[in-house]
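This report refers to the structure that appears directly beneath it.
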Amino acid sequence: MFATRQISSIAKRAFSTSTSSNAAKVAVLGAAGGIGQPLSLLLKQSSLISHLSLYDIVNTPGVAADLSHINSNSKVSGHVPDNNGLKEALTGCDIVVIPAGVPRKPGMTRDDLFNTNASIVRDLATACAEHCPKAHILVIANPVNSTVPIVAEVFKKAGVFDPKRLFGVTTLDVVRASRFVSEVKKVTTEEAKITVIGGHSGVTIVPLLSQSGHSFTEEEVKALTHRIQFGGDEVVKAKNGTGSATLSMAFAGARFTNSLLEATVAGKKNVVEPTFVKSEIFAKEGVEFFATNVELGPNGVEKIHPIGQVNAYEQGLIDAAVPELKGNIAKGKAFIVKA
């Protein structure tokens with residue numbers, strides 16, 4: 001099915017019922033699912049959204065009706081595949097967020113998950129390329145390391161690819177890192193700002209704890225790194241295999257969307273978020289996409305920040321992440337190129 005820490009200062013400013021003279025149409029594809037519903041709820045609070053357009057294969061009219069009773073100023077519409085619903089949902093969009101897809105279920109292989117979600121993302125990307133080719137596309141659907149290249153290839157085929165407007169949402173890794181470090185070091189999450197680079201699964205997630213300003217024992221570094229890399233497994237286990245990280249992912253997705261709105265709609269400067277984008281950082285190694293801190297601007301990606309100084313342990317993590325990422329990206333590209 002498609003489906004805390006306190007809200008950051010960025011989100012607090014955007015989560016307001018005051019009217020904004022400039023506001024955007026934002027679509028959530030997969031809005032009736034486990035991530036889509038809480039994500040849509042969070043986005044309904046933003047004064048920078050004029051129209052929240054919700055799409056899913058079922059139940060979106062009900063979700064939209066429910067959210068439309070919230071006394072913030074955005075219009076809410078719900079769309080299903082019937083009667084050109086996807087076209088209506090996307091036409092005129094400034095931002096499209098894609099949490100659509102299925103979570104990994106017991107007995108499902110990674111290939112099963114990839115094939116299912118890759119097809120969903122391909123079809124939604126095709127519709128975006130046709131109906132809102134200049135929208136910023138925010139990909140949450142897993143596996144992000146492969147689904148972002150899928151969207152890129154679809155847009156390339158349509159002749160409308162703009163690398164500055166395609167983002168893999170890796171914010172959850174940074175949110176988790178901040179929370180986990182704050183617990184270990186007994187500080188607030190505002191005092192635990194952790195840079196996380198690479199990709200958005202397992203060993204491709206590389207937390208740069210040495211850049212945090214905190215000191216850690218070797219044991220703490222190893223434990224925190226593993227927990228940040230495999231935090232999703234912690235949630236799946238706690239949910240007895242019946243679900244995955246939906247609420248925290250919705251929070252992270254809303255945080256990134258609101259940051260992009262602040263940069264594109266409100267014109268705020270120096271908005272920096274981690275995100276998986278087309279990057280030159282490891283392009284020579286055949287890694288076309290890579291997550292680092294990115295400054296956002298009116299046209300999307302304004303500046304890709306360098307990795308910065310890392311220690312020997314972190315360099316080892318990067319060395320392990322790069323070939324894995326290369327394979328993930330190639331798998332996504334091949335899904336479209338060979339189609």
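The basis for the numbers below is simple: all heavy atoms, side chains too, and nothing from hydrogens, waters or symmetry mates. For the single chain, residues carry numbers from 1 onward in sequence order.
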Check the pair E262, S259 against side chain to side chain donor-acceptor pair (under 3.5 Å), reporting the backbone distance first and the verdict last.
-> CA-CA 5 Å; E262 287 210 325; S259 291; 5.8 Å; no

Got a second to check how far [X]'s [atom1] is from [Y]'s [atom2], nearest 0.5 Å?
X: H214; Y: K185; atom1: NE2; atom2: NZ; answer: 8.0 Å
X: M249; Y: S244; atom1: CE; atom2: OG; answer: 10.5 Å
X: T170; Y: I140; atom1: OG1; atom2: CD1; answer: 11.0 Å
X: N145; Y: E324; atom1: CG; atom2: CD; answer: 8.0 Å
X: S50; Y: N73; atom1: OG; atom2: CG; answer: 10.5 Å
X: I228; Y: I194; atom1: CD1; atom2: CD1; answer: 7.0 Å

Side-chain heavy atoms nearer than 4.5 Å, only ILVMFWY residues, links allowed to pass through others: does that put [X] and [Y] together?
X: V160; Y: I98; value: yes
X: I281; Y: L317; value: yes
X: I329; Y: V203; value: no
X: L41; Y: V169; value: yes
X: I205; Y: V221; value: yes

[X] (side chain) donor-acceptor with [Y] (main chain) under 3.5 angstrom:
X: S182; Y: A192; value: no
X: S119; Y: N115; value: yes
X: T188; Y: E191; value: yes
X: N258; Y: A254; value: yes
X: T60; Y: L54; value: no
X: T242; Y: K239; value: yes

Counting C-beta onward and ignoring hydrogens, is there a side-chain heavy-atom pair between [X] and [Y] closer than 4.5 Å?
X: V26; Y: L261; answer: yes
X: L172; Y: S248; answer: yes
X: L166; Y: K278; answer: no
X: L208; Y: V196; answer: no
X: V80; Y: P61; answer: yes
X: S77; Y: S53; answer: yes
X: R227; Y: R176; answer: no
X: L325; Y: F290; answer: yes

Return the minimal non-hydrogen interatomic distance between [X] and [Y], and the atom names on each side.
X: L39; Y: P99; result: CD2-CG, 4.2 Å
X: N117; Y: G101; result: OD1-CA, 3.3 Å
X: P274; Y: V174; result: CG-CG2, 3.3 Å
X: G168; Y: T275; result: O-OG1, 2.9 Å

Regarding [X] and [Y], is there a side-chain donor-to-acceptor distance under 3.5 Å anywhere?
X: T147; Y: N142; value: no
X: S40; Y: Q37; value: no
X: S72; Y: K44; value: yes
X: H136; Y: T264; value: no

Determine the interplanar angle of the H226 and F230 rings, folded into 0 to 90°, and report it as parallel if under 30°, tilted if 30 to 60°, perpendicular if over 60°.
->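 Tilted, since the angle between the ring planes falls between 30° and 60°.
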
Which word best sums up how the rings of F114 and F335 line up, parallel for under 30°, tilted for 30 to 60°, or perpendicular for over 60°?
->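 Perpendicular: the ring planes of F114 and F335 meet at over 60°.
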
For K164, does the NZ atom sit with more than 12 other heavy atoms under 6.0 Å from it, leaving out its own atoms?
->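 Atom NZ in K164 is not crowded, with 12 or fewer foreign heavy atoms closer than 6.0 Å.
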
Crowding at CG, N83 (>12 non-hydrogen neighbours, <6.0 Å) |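 No, the 6.0 Å shell around CG holds no more than 12 heavy atoms from other groups.
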
Ionic contact status for [Y] with [X], cut-off 4.0 Å:
X: E153; Y: K156; result: yes
X: E288; Y: K333; result: yes
X: R179; Y: E183; result: yes
X: E234; Y: K237; result: no

Check: residues 85-97 side-chain donor-acceptor pairs under 3.5 Å, at least two apart:
from: T91; atom 1: OG1; to: K87; atom 2: O; distance (Å): 2.7
from: D94; atom 1: OD2; to: K25; atom 2: N; distance (Å): 2.9

Take R122 and I336 through the side chain to side chain contact (heavy atoms under 4.5 Å, CB included) test and state the conclusion after the steps.
-> CA-CA 8 Å; R122 175 200 61 205; I336 301 302; 3.5 Å; yes

In a table with atom names and distances, give each donor-acceptor pair under 3.5 Å that connects a side chain of residues 293-311 to protein atoms at least two apart or in another chain.
from: N311; atom 1: OD1; to: Y313; atom 2: N; distance (Å): 3.2
from: N311; atom 1: OD1; to: E314; atom 2: N; distance (Å): 2.8

Step by step, would you call S201 with V144 a side chain to side chain contact (heavy atoms under 4.5 Å, CB included)?
-> CA-CA 8 Å; S201 66; V144 166; over 6 Å; no

Row check, F216 ring normal vs K222 NZ/CZ: under 6.0 Å, within 45° |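 So K222 doesn't make the cation-pi contact.
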
Ring pair (Phe, Tyr, Trp, His ring centres under 6.0 Å) partners of residues 151-205, not counting sequence neighbours, each pair once =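 Sorted result for residues 151-205: F167-F256.
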
